[in-house]
Each structure stands twice: as C-alpha cells, then as structure tokens.
Amino acid sequence: MTDQPVELDVLAVYSHPDDAELAAGGTLLKLKHLGHRTGVLDMTRGEMGTRGTREIREGEAHEAGRLLNLDARLNLDQPDGHVWPTEDARRATVRVLRACRPKVVLTAHWDDPHPDHANTCRIVREAARLASMRRYDEEHGQPAIRMPALAHSVYSRLVVASFIVDVSDFVEGKMAAVRAHASQFWSEGSKEPSTRISEQGFLNQVEFRLRYYGSLVGVAAGEGFYVREALNVEDPVALLTRPMNIYS
Ligand SMILES: [Zn+2]
C-alpha cells in the first residue's frame, strides 16, 4: 500500500481516517476481491478528534488500510473540523483524481449532518466535474480525465439506497479495519473523553446496520449507496432477477 497517487478503479473519499471503513469498508474489501484496484483518500488526519492524536491516528489509518488490502491510502491534509470547498481543496482533489483516474468514486452524502462530511461531498462532486475540464488547472500539466461515477454512502433512513452491495463475506474484515482505529472506540478502562462513537454499543450498531441493509436484499450483510444520476441498465432481466426482499 502506497501513500502516493497510483492508478485505481475505485477511490473512496471521506473526511476523517475512520470514515471510509465505517461507510464502505465491506464494499472496498469486496471490490478488491473482485480484482479492482482500490484506494482511500482521507480529507484530514482527524487531528481535531476528541480522542487520539494525529500520530496515533496516522498509524491506525495505515493499519486499517492494510487490512482493507488497499492499493493506496492518500491524505489531502485539509484542516479537520474546517473542511470547506475552497479552491485549494478542489484543486488538490482534482490533482488526485487526475493521477488516480478512478472509474468510480465513493463518498459521503451532501445532507450528512457532520459539516466536514457534507463539504467533502461538495468538494468531490465539484472536483469530479472540474477534473474532466481540460482548461481547469491546465498549468499543472495533468491531462483531463473522464468524469468518474459517484456513489454516496447512505447514512440516514431519509436517503433511500439506489443499490446495496452484498458484503456478507466481508463483515469480519470490515469490522477488523474499523477496530484498527482503536483510539476512537470503547476500550475497558480508557481515560479518554467519551464521544458518540466511543460508547460501548457503537460497534454493535455498526454491525446491526450492516445486517439491516443486508436484510433489505435478503442477504446477511450489506452497504447502501445513493446515486443521483439515473442508472443506465443494459439488461433489466439480469438486474431485476437478483435476489430481493419484497418487504424492503
Ligand atoms: Zn467523519
């Protein structure tokens, strides 16, 4: 796993070092298993987090990336808590997209209640479009790319998933990658201040959510994504005869 941009099939862009694991860890493991080249771009080092330090979190992110079999884990070094669609953030994201040339980008949803997450989504949507424009940042010398497809993690019951990835075989792997961010989660006797995600039941809730999305398509575990654009389906028979749950 490199920390430099390399050519990828799928790039997951999230705000903080544990976000990609929580939102799309099972999907990233499955994509790698299917033979795709995968990477994560973290917008920040998570240095404003209530628990852990910048150095501890860097080590955890590296270990989690190794557990997800990523080809690359990159960081844009934007200020944690102050992720904003500035020209600097857009240009830096365009440069990563042009270097990695992903076909698909996974990211947060624009209505996510954490402002860093919502702004990461805005940066990614704008950068994906700008990366396809030849004259944008032309002086940097990278050729424009075909705009990648964008899929947004479903974080709320108010966002209906456009598709659910069956990650039944990757629950253990995802949870191991999540737990690699040990400073963020509950541990016996920790003196660190508590947060929403460091409560004892949080990791159970992550798994219950996987099970819930799996149940919507009749499998053991799933991760849901929303696509804003209409899906272009080649063969509706092949698509619609996949197992489904009529009570979803
Ligand atoms: Zn986050």
Side-chain angles (χ1 to χ4, degrees), residues 10-29 38-65 67-68 70 73-86 89-90 92-93 96 105-127 150-159 174-187 192-199 201-210 213 223-226:
V10 181
L11 179 64
V13 187
Y14 291 89
S15 309
H16 310 110
D18 50 355
D19 291 343
E21 287 79 349
L22 288 165
T27 300
L28 287 166
L29 276 167
T38 59
V40 167
L41 170 63
D42 300 312
M43 280 281 164
T44 76
R45 305 267 174 195
E47 71 275 8
M48 208 185 77
T50 307
R51 296 162 67 99
T53 64
R54 180 189 171 99
E55 291 68 31
I56 288 170
R57 298 203 71 177
E58 275 180 25
E60 291 171 346
H62 184 82
E63 174 61 9
L67 291 169
L68 290 179
L70 298 177
R73 184 155 207 156
L74 316 173
N75 199 294
L76 221 54
D77 275 312
Q78 295 295 298
D80 185 11
H82 305 271
V83 175
W84 200 250
T86 59
R90 297 196 316 176
T93 306
V96 171
V105 172
L106 309 176
T107 190
H109 186 278
W110 54 88
D111 271 342
D112 190 298
H114 193 311
D116 281 354
H117 299 179
N119 283 331
T120 293
C121 175
R122 286 180 61 194
I123 293 166
V124 169
R125 288 199 72 88
E126 292 180 18
L150 300 168
H152 303 274
S153 296
V154 169
Y155 65 94
S156 157
R157 74 193 190 286
L158 300 177
V159 177
K174 173 194 170 109
M175 295 309 293
V178 169
R179 282 194 303 269
H181 296 276
S183 68
Q184 303 303 300
F185 302 112
W186 187 85
S187 65
E192 290 262 62
S194 63
T195 66
R196 189 179 73 83
I197 69 168
S198 72
E199 288 169 11
F202 179 77
L203 291 177
N204 284 336
Q205 289 176 27
V206 172
E207 186 168 339
F208 297 156
R209 187 171 277 242
L210 282 175
Y213 279 105
E223 286 175 338
F225 295 90
Y226 175 81

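Indexing begins at 1, ligand by ligand and atom by atom, following the structure's order.
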With sequence neighbours excluded, give me every salt bridge (Lys or Arg N to Asp or Glu O under 4.0 Å) pair touching residues 115-125.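 Salt bridge (Lys or Arg N to Asp or Glu O under 4.0 Å) check on residues 115-125 returns Arg125-Glu229.
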Could you grab the distance from atom CG of Asp19 to atom CG of Asp42, nearest 0.5 Å is fine? 7.5 Å
List the residues meeting ring-ring contact (aromatic ring centres under 6.0 Å, His included) with His16, not counting sequence neighbours, and say none if there are none. His114, His117
Only protein N/O/S atoms count here: give how many lie under 2.8 Å from the Zn ion (ligand 1). 4
Can you find a pair of side-chain heavy atoms, one from Arg45 and one from Glu58, that are under 4.5 Å apart?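 They are in side-chain contact.
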Excluding sequence neighbours, so at least two apart, what forms side chain to side chain donor-acceptor pair (under 3.5 Å) with Thr120?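 Scan of Thr120 (side chain to side chain donor-acceptor pair (under 3.5 Å), adjacent residues dropped) gives Ser15.
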Between Ser198 and Glu192, a side-chain donor and acceptor under 3.5 Å: no
